[in-house]
Peer 1: 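What follows is a single structure, and I will ask about it in a moment.
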Amino acid sequence: MIGVLLAAGMAKRLRPLTDDRPKCLLTVGSRTLLQRTVDSLVAAGITELVVVTGYRANMVREFLTEHYPSLTIHFIDNPDYAHNNNIFSLWLTRPFTEGRDFLLLDSDILFDPQIIPTLLATEGSALSLNRHELGDEEIKVIVDAEGQVLEISKTCSPQEAIGESVGIEKMTASYSKALFQELVQMIEGEGLIDVFYERAFERLIPQGHTFKVVDTTNLFSIELDTVEDFENAKKLIPASLYD
């Protein structure tokens with residue numbers, strides 16, 4: 001199992017906090033978001049990472065190289081990060097991830113480390129989900145009677161959705177093979193470089209490839225998109241996770 005961290009974005013909505021650093025290097029408690037994420041992966045037994053950088057890439061590289069010298073880390077630069085979205089960062093990981101089991105994580109999530117082993121213990125491809133009141137901004141998830149994802153996007157109905165995707169997915173080797181076959185068409189064939197990677201997930205569903213939802217509402221998680229999110233996260237994080 002390989003861990004994939006997407007950390008290329010500029011996080012404009014988090015300015016001025018991100019004027020001098022990428023958002024994954026913002027600190028909550030005594031650790032950065034990036035350190036918290038990698039510590040969670042290491043604790044779950046993952047020793048190989050793919051990290052896609054862009055904005056202030058050197059800071060991410062230097063931080064990880066200094067703090068995790070024993071990990072195998074493949075750094076990939078997204079040179080045009082200002083003009084593409086996370087689907088393109090995911091596409092860039094292809095040499096290391098196509099046809100392999102991997103965990104995909106956005107780098108702007110503050111989460112309970114227990115989410116990782118919970119996903120890893122789930123059979124097949126799996127997606128972490130948080131149940132709460134939904135609006136327009138969340139990546140919402142609609143499932144079938146067996147808990148398999150039917151729709152996943154910002155635009156699907158809040159009334160039909162059961163919750164929000166946390167932004168952590170486990171992919172089996174067969175799923176990742178299908179995913180990159182679809183990304184070939186989307187990126188190279190259609191030029192869809194400025195959309196969310198969930199668009200690819202949705203296109204795979206009619207082809208028989210989807211995720212089982214794992215309800216992790218009881219485990220803390222919050223995505224940090226704005227300064228308000230960041231301030232709320234510091235207030236909401238359980239004391240047991242604050243160190």
Side-chain angles (χ1 to χ4, degrees), residues 1-13 22-24 34 37 48-58 60-61 72-109 119 124-128 137-142 148-156 164-211 223 225:
M1 181 69 67
I2 188 169
V4 176
L5 304 180
L6 305 184
M10 297 176 66
K12 293 180 181 179
R13 289 190 289 169
K23 60 182 171 181
C24 65
L34 183 59
T37 297
E48 183 179 3
L49 302 179
V50 174
V51 181
V52 183
T53 60
Y55 177 63
R56 298 194 175 271
N58 285 343
V60 176
R61 286 174 176 261
T72 299
I73 305 177
H74 311 285
F75 291 103
I76 300 173
D77 185 50
N78 180 344
D80 199 24
Y81 60 86
H83 301 103
N84 56 55
N85 211 321
N86 61 9
I87 194 170
F88 193 75
S89 288
L90 176 57
W91 166 248
L92 292 175
T93 72
R94 185 185 184 189
F96 301 101
T97 54
E98 183 175 20
R100 291 189 64 181
D101 297 329
F102 71 91
L103 272 172
L104 176 64
L105 302 97
D106 296 330
S107 64
D108 58 354
I109 312 166
L119 276 183
S125 296
L127 173 152
S128 179
E137 282 301 307
E138 297 92 348
I139 298 290
K140 295 171 281 293
V141 179
I142 297 174
Q148 302 285 332
V149 175
L150 287 176
E151 294 183 45
I152 176 169
S153 71
K154 282 191 174 185
T155 58
C156 65
E164 176 187 9
S165 172
V166 170
I168 306 175
E169 298 88 15
K170 183 190 75 166
M171 306 190 193
T172 63
S174 60
Y175 188 97
S176 69
K177 182 178 180 180
L179 173 64
F180 282 97
Q181 288 175 348
E182 189 63 31
L183 288 176
V184 169
Q185 174 60 29
M186 295 179 72
I187 303 296
E188 296 184 351
E190 302 172 38
L192 293 175
I193 63 171
D194 195 22
V195 299
F196 295 111
Y197 57 62
E198 285 86 2
R199 179 83 67 86
F201 297 167
E202 284 212 303
R203 288 173 54 145
L204 286 173
I205 293 170
Q207 302 175 39
H209 303 283
T210 190
F211 294 98
E223 185 178 9
D225 287 325

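Because the structure is predicted, anything quoted here is derived from the model rather than measured. Any value given below was found using the heavy atoms of this structure, including those in side chains, with hydrogens, waters and symmetry copies removed.
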Peer 1: Does Ser176 use its side chain to pair, donor to acceptor, with the backbone of Arg100 at less than 3.5 Å?
Peer 2: yes

Peer 1: Using a distance-only test with no angle check, is there a side-chain donor-acceptor pair under 3.5 angstrom linking Asp106 and Tyr197?
Peer 2: yes

Peer 1: Please name the pair of heavy atoms, one in Leu104 and one in Met171, separated by the smallest distance, quoted to 0.1 Å.
Peer 2: CD2-CE, 3.6 Å

Peer 1: Is the shortest side-chain heavy-atom distance between Leu90 and Leu179 below 4.5 Å?
Peer 2: yes

Peer 1: List in chain and number order the residues that pass side-chain contact (heavy atoms from CB on, under 4.5 Å) with Glu182, two or more places apart in sequence or in another chain; answer none if no residue qualifies.
Peer 2: Met186, Arg203, Leu204, Gln207

Peer 1: For a 4.5 angstrom cut-off between non-hydrogen side-chain atoms, does Ile187 reach Ile193?
Peer 2: yes

Peer 1: Do Asn78 and Ser89 pair up side chain to side chain, a donor and an acceptor below 3.5 Å, judged on atom types alone?
Peer 2: yes

Peer 1: Looking at every heavy atom in both Thr37 and Ile109, which two are closest together, and how far apart are they?
Peer 2: OG1-O, 4.1 Å

Peer 1: Within the 4.5 Å heavy-atom criterion, are Ile152 and Leu127 side-chain neighbours or not?
Peer 2: yes

Peer 1: Within the side chain of Lys170, is there an N or O that forms a donor-acceptor pair under 3.5 Å with the backbone of Gly124?
Peer 2: yes

Peer 1: side-chain contact (heavy atoms from CB on, under 4.5 Å) with Gln181: which residues, sequence neighbours excluded?
Peer 2: Lys177

Peer 1: Could you tell me which residues satisfy side-chain contact (heavy atoms from CB on, under 4.5 Å) with Glu138, sequence neighbours excluded, listed by chain and number?
Peer 2: His132, Leu134, Lys140, Glu164

Peer 1: Check whether any side-chain heavy atom of Val149 lies under 4.5 Å from a side-chain heavy atom of Ile142, and answer yes or no.
Peer 2: no

Peer 1: Of all heavy-atom pairs between Gly99 and Ala173, which one has the smallest distance, and what is that distance?
Peer 2: O-CB, 3.3 Å

Peer 1: Identify, with sequence neighbours excluded, every residue that meets ring-ring contact (aromatic ring centres under 6.0 Å, His included) alongside Tyr175.
Peer 2: Phe211

Peer 1: Going through the distances and angles, do Leu49 and Val4 end up as a side-chain contact (heavy atoms from CB on, under 4.5 Å)?
Peer 2: CA-CA 6 Å; Leu49 302 179; Val4 176; over 6 Å; no

Peer 1: The criterion is ring-ring contact (aromatic ring centres under 6.0 Å, His included); which residues satisfy it with Phe96, sequence neighbours excluded?
Peer 2: His74

Peer 1: For Asn85, check side-chain contact (heavy atoms from CB on, under 4.5 Å) against everything at least two apart and list the hits.
Peer 2: Asp194, Phe196

Peer 1: Just wondering, are more than 12 heavy atoms of other shown residues or ligands nearer than 6.0 Å to NZ in Lys12?
Peer 2: no

